[in-house]
Amino acid sequence: MRDAFKPLGNTVAITAASSAPTGVQAGASSTSRAAFAGQYRVINTGSVTVQLGVGASAAAAAAAAVAATSGNPAAGIPLVPGAVEIFSFEVDAYFSGLASTNTTIYITPGVGL
């Protein structure tokens with residue numbers, strides 16, 4: 001049996017836009033740090049697909065938020081409208097997003113599925 005997702009830190013919001021904003025860091029609270037293994041719950045609240053950029057720094061996250069086009073792979077992870085996903089990334093990762101219109105993405109560090 002798998003455990004439900006358990007938040008281990010504060011939720012951060014980023015606004016994905018037509019120009020990827022500076023990355024925002026999401027990390028576990030100091031009291032939950034020992035249990036944090038780099039899992040993040042990511043929600044796309046908008047009506048457009050967002051290319052999620054993830055990196056070890058704010059600049060790396062913004063640079064990774066690149067949309068793949070036919071024949072040109074990219075580092076951005078597509079999040080369809082209304083997506084609720086749990087991903088594993090590095091602890092204390094930074095996040096940014098690229099979208100055709102401003103769209104809010106919520107990211108919560110935690111553990112579980």
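Side chains included, hydrogens not; waters and symmetry mates left out as well; all remaining heavy atoms used. Predicted, not measured: the structure shown is a model, and the values here were computed from it.
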Check: S29 and L8 side chains under 4.5 Å, non-hydrogen atoms: no

Reported CD1-to-CG distance for the pair I43 and L79, which is rounded to 0.5 angstrom: 10.5 Å

N/O donor-acceptor pair under 3.5 Å between N44 side chain and V80 backbone: yes

Min side-chain heavy-atom separation I107-F89 under 4.5 Å: no

Heavy-atom donor-acceptor pair, T15 side chain to N102 backbone, under 3.5 Å: no

Over all atoms of both residues, closest heavy-atom pair of P21 and G97: CD-O, 3.3 Å

Contact list for residues 37-58, test ring pair (Phe, Tyr, Trp, His ring centres under 6.0 Å), sequence neighbours left out: F36-Y40, Y40-F95

Minimum heavy-atom distance G38-V91, with the two atoms named: N-CG2, 3.9 Å

Residue pair I105 / A16: nearest heavy atoms and the distance that separates them: CG1-CB, 4.4 Å

Distance-minimising heavy-atom pair for A20 and A62: CB-O, 3.7 Å

Under the side chain to side chain contact (heavy atoms under 4.5 Å, CB included) test, residues paired with V48 that sit two or more places apart: A99, S100, T101, T103

Residue pairs passing the side chain to side chain donor-acceptor pair (under 3.5 Å) test where at least one lies in residues 75-98, sequence neighbours excluded: R33-D92

Beyond-backbone contact of V84 with R41, side-chain heavy atoms, under 4.5 angstrom: yes

Closest approach of Q51 to V66 (non-hydrogen atoms, all atoms of both residues): OE1-O, 4.1 Å

Y106 reachable from L98 in the ILVMFWY side-chain graph, under 4.5 Å edges: no

Sub-4.5 Å side-chain heavy-atom contact between V54 and F87: no

